[in-house]
Each structure stands twice: as structure tokens, then as C-alpha cells.
Amino acid sequence: MATLNIIYYTGTGNTADMAKYIGEGAENAGADVKLINVEEADESAINADFVAFGSPAVGAEEIAPEMVEFFEGIKEQIIGKTVGLFGSYDWGQGGWMETWREEMINEGFSTVNDGLIIHLAVDDDEKIEKCKEYGKAIVG
Ligand SMILES: Cc1cc2nc3c(=O)[nH]c(=O)nc-3n(C[C@H](O)[C@H](O)[C@H](O)COP(=O)(O)O)c2cc1C
């Protein structure tokens, strides 16, 4: 069975909810999924067939520093992998995700589609479905 580890940072729970539904979508597609809060993650968090990283927009269109720090510690071990990227935002237009994706590509990674961004909470069926579809795409 394919394995997917979803490593995320969340301040108020929105990106954590995205992780949960992305995980459900991947599970429905047959994968074995682990959800890992980056604040509790160690290097073993990347030991899976597929890896996805989640961070909300923070600062001024930035990735959470907790995620940046974790990623710096493990990136050499997964270089070249295709990874999922996702996160929640509020008043911006997704600039942090564009920057994140570009940085990942410059580092030698590919991303699943363009990453997935959701405005604030995952609070309707359309947003839930987008997350599930993204989970399926990550392990597809
Ligand atoms: C300190 C801080 C900085 C933020 N900066 C941005 C930003 O630059 N652009 C944006 O669209 N939203 C920004 N937001 C809004 C969050 O991205 C949004 O509330 C998101 O849903 C939080 O996700 P979480 O519940 O996973 O922490 C910011 C929120 C906080 C608390």
C-alpha cells in the first residue's frame, strides 16, 4: 500500500483541517496516511512514498517559519521528489503559495498541480471536495 505523510503547520486549525481532508482523499484512493504537526515532527516524518507540506500564509505572504526550519533540515533527503503543497489564507491572493512553489522548483522539486489554497476554513462541500481531490492527486 502506498504511504503518504502530510506534514503541516497550523495556527488556528484551518490548515490542519485541510490536511485531514487531503488525507481522507488519499485514503479513499487506497493510501496509508499519517498526519504530522510540524511542531512535533522529526526527520522520520519524511519516510513515506509521498510527502505533502502544509502552511498557511503568515507574515507578509510567507510560509510559516516552523515549516521553513523543518524543511531546511530534511530537504537534502528528498530532493527531486514530487511533493504536495497546501495551506489556508485570508486577505491575500495566494502569493505565498506562488513563492513557495517557485522556491521548491528552484530547489529541484516538482509539485502536485500548483498546490492547493483554501480561503480560511474548510467549511463547505466544495472546499472539502477540493481537498479530497488534491489528496487523490498526490498519491495518483
Ligand atoms: C500573523 C498572521 C499573518 C498572516 N498573514 C497573511 C498573509 O500574508 N496573507 C494572507 O492571505 N493571510 C494571512 N494571514 C491569515 C491566515 O493565513 C489565515 O487566517 C489562515 O486561515 C490561517 O490558517 P491556520 O488556521 O492553519 O493557521 C495571516 C494570519 C496571521 C495570524
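Computed from heavy atoms alone, side chains included, the values below leave out hydrogens, waters and symmetry copies. As the structure lists them, so they are numbered: ligands from 1, and atoms in each ligand from 1. Sequence positions, counted from 1, serve as the residue numbers for this chain.
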With sequence neighbours excluded, give me every ring-ring contact (aromatic ring centres under 6.0 Å, His included) pair touching residues 69-93. F53-F71, F71-F109, Y89-W96, Y89-H119
Please name all residues satisfying side chain to side chain donor-acceptor pair (under 3.5 Å) with D42, sequence neighbours left out, ordered by chain then number. S44
Atom CD1 in I22, atom NZ in K136: separation rounded to 0.5 Å? 14.5 Å
Going through the checks in order, is the side-chain hydrogen bond (donor to acceptor under 3.5 Å, both in side chains) test met by D32 and T3? CA-CA 5 Å; D32 190 8; T3 56; over 6 Å; no
Mind checking what makes salt bridge (charged side-chain N to carboxylate O under 4.0 Å, His left out) contact with E24, not counting sequence neighbours? K132
Would you say D125 has more than 12 foreign heavy atoms packed within less than 6.0 Å of its CG? no
Heavy-atom cut-off of under 4.0 Å around ligand 1: list whichever protein residues fall inside it, by chain and number. T10, G11, T12, G13, N14, T15, P56, A57, V58, G59, A60, E61, S88, Y89, D90, W91, G92, L120
